[in-house]
Amino acid sequence: MECSWKTVVLLVCASLGIQYTAIRSLRDSFSSPCQGGDHCQRREPKEYQWRSPCDEGHESPGPFHSHARKHIILFATTRSGSSFTGQLFNQHPDIFYLFEPLYHVQQAFTNSSARLRKILDRRALLGACRDLLHNLYNCDFHFLENYIKPAPKDHATGSFFRRGSSSALCSPPVCEGSPDSQEPDEIWCSKKCRSLNLTLAGMACQDRGHMAIKTVRIPEIKDLKILSEDPRLNLKIVHLVRDPRGILASRMIAFLDQFRAWKIWNATGRKPQYVDLSQITRTCKDLSDSAETGFSKPTWLKGRYMLVRYEDLAKEPVEKAKEIYKFIGLDMDPKILTWILHNTNGSNTPDGNYKFTTTRNSKATAESWRLNLSFDIVQTVQNLCNTTLSQLGYRNVNSVADLRNMSNSVVEPRTFLPFL
Ligand SMILES: *[C@@H]1O[C@H](CO)[C@@H](O)[C@H](O)[C@H]1NC(C)=O
Ligand SMILES: *[C@@H]1O[C@H](CO)[C@@H](O)[C@H](O)[C@H]1NC(C)=O
Ligand SMILES: *[C@@H]1O[C@H](CO)[C@@H](O)[C@H](O)[C@H]1NC(C)=O
Ligand SMILES: *[C@@H]1O[C@H](CO)[C@@H](O)[C@H](O)[C@H]1NC(C)=O
Ligand SMILES: *[C@@H]1O[C@H](CO)[C@@H](O)[C@H](O)[C@H]1NC(C)=O
Ligand SMILES: *[C@@H]1O[C@H](CO)[C@@H](O)[C@H](O)[C@H]1NC(C)=O
Ligand SMILES: CC(=O)N[C@H]1CO[C@H](CO)[C@@H](O)[C@@H]1O
């Protein structure tokens, strides 16, 4: 009789205890907005039903039934048009938008010693990124303080990465300054706004109904599985892809030092020995693996995943923006339409190219890389990335004439329906 009923009771109690603790800590982590009582009152209750501790005593459908508050992730890769696409969320008055907060995680670890980096393997780093995203989606900015360099003082920092790209961080109450010219937010905000009060940022975040975060620092869609499976988050993944040949051309212009060998190759027609093919190969593999994950429709992506080709967005920004908003389940605020009309020049050529005037993509069109890369380089990328290109509907070119003839698009018409 070693395993007596006492043991059973003890086990049950222990298990209940653990569950209680788990529930408590879950509650604690979500109860801070209730402190003072006013925050919960101020907001639409239905938007915050997942914060069930706030609704105690009222009839509530419980934390797993409300999907009103949206948490959007713009999942992209460097130089794939994510700044432009991010504006579609940044311009919405009820969306709190952050431009690449994961920069700080990477920054915190890149300067670590090689020994530390070995311990912090990819999984640990991804874990840190996920935790940070989770905290930010809950409007908790204090977790981020661990990563910002130099360390914030009194919960305020002058080193928030690309603050000016987030309109919420450049408007009252977070910033009382205002633009006195036609300067874009990116410029005046960093000049006029004082150091960023992270407590205020968190409050401003709570005052907006939804949140969107852009990142290029998570390699694969699969790495989002844990976040996607969390029913409290109600995550919506907008997977932005772009033709890798366009990505490469854009990187060559943006990151001069890193792409010096490529520039020499492009200019001289001769491939230097030391040209590094691994980065674009990695990018293509990540693009391909992520798209494959999306196409295979795993249940954890159901209702949460949409693939958007940058070229399609550039060609028909209004139509695509509408589709994206339909997918995330929000109305497209008129401000977004206004922004699109102001920032994509209507003088589109017959093949539908637009100019992005105030973004870093200014004067570029989605396919303009075709006039700016040598055929040799294009062929190399086509060989390295052939699977990715065919998966995403980007046609190979077979001659210089084909490459430069802009009246034949290399973007095949394809429909990528959201996974509903
Ligand atoms: C990285 O480390 C170097 C040498 O230890 C130091 O001089 C530099 O300030 C550090 N950079 C950051 C961003 O912490
Ligand atoms: C940040 O804002 C909070 C809330 O308004 C305020 O209590 C705090 O003093 C501010 N911190 C700094 C450093 O200004
Ligand atoms: C590649 O070379 C062509 C012709 O020399 C030049 O016009 C173009 O700007 C170069 N592209 C890049 C990305 O440097
Ligand atoms: C082509 O490359 C040149 C030189 O790198 C760059 O200045 C220019 O903006 C590029 N043009 C387009 C249309 O991408
Ligand atoms: C890509 O290239 C490899 C090797 O040349 C070939 O086996 C494969 O069929 C190609 N894939 C596509 C989708 O064209
Ligand atoms: C470009 O392609 C179009 C359509 O295939 C063709 O009619 C035209 O002649 C081509 N232009 C040049 C300069 O080759
Ligand atoms: C709507 C808009 O801004 N249209 C401008 C697009 O660019 C051409 C010249 O490139 C201007 O003439 C249009 O006014």
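Fair warning: this is a prediction, and the values are worked out from it, not measured in the lab. Just follow the structure's listing: the first ligand is 1, and inside any ligand the first atom is 1.
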- Message: Between Arg251 and Thr77, do the side chains contain a donor N or O and an acceptor N or O under 3.5 Å apart?
- Response: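 Yes, Arg251 and Thr77 have a side-chain donor paired with an acceptor closer than 3.5 Å.
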
- Item | Exercise: do His71 and Arg69 side chains pair donor with acceptor under 3.5 Å |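 Yes, side-chain donor-acceptor contact under 3.5 Å.
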
- Please could you name the atoms of ligand 3 that Lys263 approaches to less than 4.0 Å, counting only its heavy atoms?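 Those atoms are 14 (O).
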
- Message: Within the structure provided, determine whether Ile328 and Phe89 are in side-chain contact (heavy-atom separation under 4.5 Å).
- Response: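 Side-chain contact under 4.5 Å: yes.
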
- Query: Does some non-hydrogen atom of the protein lie less than 4.0 angstrom from atom 7 (O) of ligand 2?
  - Reply: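 So far as the 4.0 Å threshold goes, atom 7 (O) of ligand 2 is out of reach of every protein heavy atom.
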
- Look up atom 14 (O) of ligand 5 and tell me if a protein heavy atom lies less than 4.0 Å from it?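 It does: a protein heavy atom is found less than 4.0 Å away from atom 14 (O) of ligand 5.
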
- Query: Short list, please: which atoms of ligand 2 are under 4.0 Å from a heavy atom of Leu200?
  - Reply: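 So the answer, numbered in order with elements, is 2 (O), 5 (O).
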
- Query: For ligand 2, which atoms have a heavy atom of Asp154 less than 4.0 angstrom away?
  - Reply: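 Within the 4.0 Å cut-off of Asp154, ligand 2 contributes 13 (C).
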
- Message: For atom 3 (C) of ligand 5, what's the nearest protein heavy-atom neighbour? Residue, atom name and distance, please.
- Response: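 The protein heavy atom lying closest is Asn386 ND2, 3.5 Å.
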
- Task: Show which atoms of ligand 5 fall inside a sub-4.0 Å distance from at least one heavy-atom site of Ser390.
- Result: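 Counting from 1, the qualifying ligand atoms are 13 (C).
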
- Query: Between the side chain of Ser228 and the main-chain N/O of Trp300, is any donor-acceptor distance below 3.5 Å?
  - Reply: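 It does hold such a pair.
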
- Message: Does Lys326, at its NZ atom, have more than 12 non-hydrogen atoms belonging to other residues, nucleotides or ligands within less than 6.0 Å?
- Response: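 No, the 6.0 Å shell around NZ holds no more than 12 heavy atoms from other groups.
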
- If we only count N/O pairs under 3.5 Å, is Asn197 in contact with ligand 2?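 Yes, since at least one N or O of Asn197 sits under 3.5 Å from an N or O of ligand 2.
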
- Taking all atoms of both residues into account, what is the closest heavy-atom pair of Ser82 and Lys214, and its distance?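 Looks like OG-NZ, 3.1 Å.
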
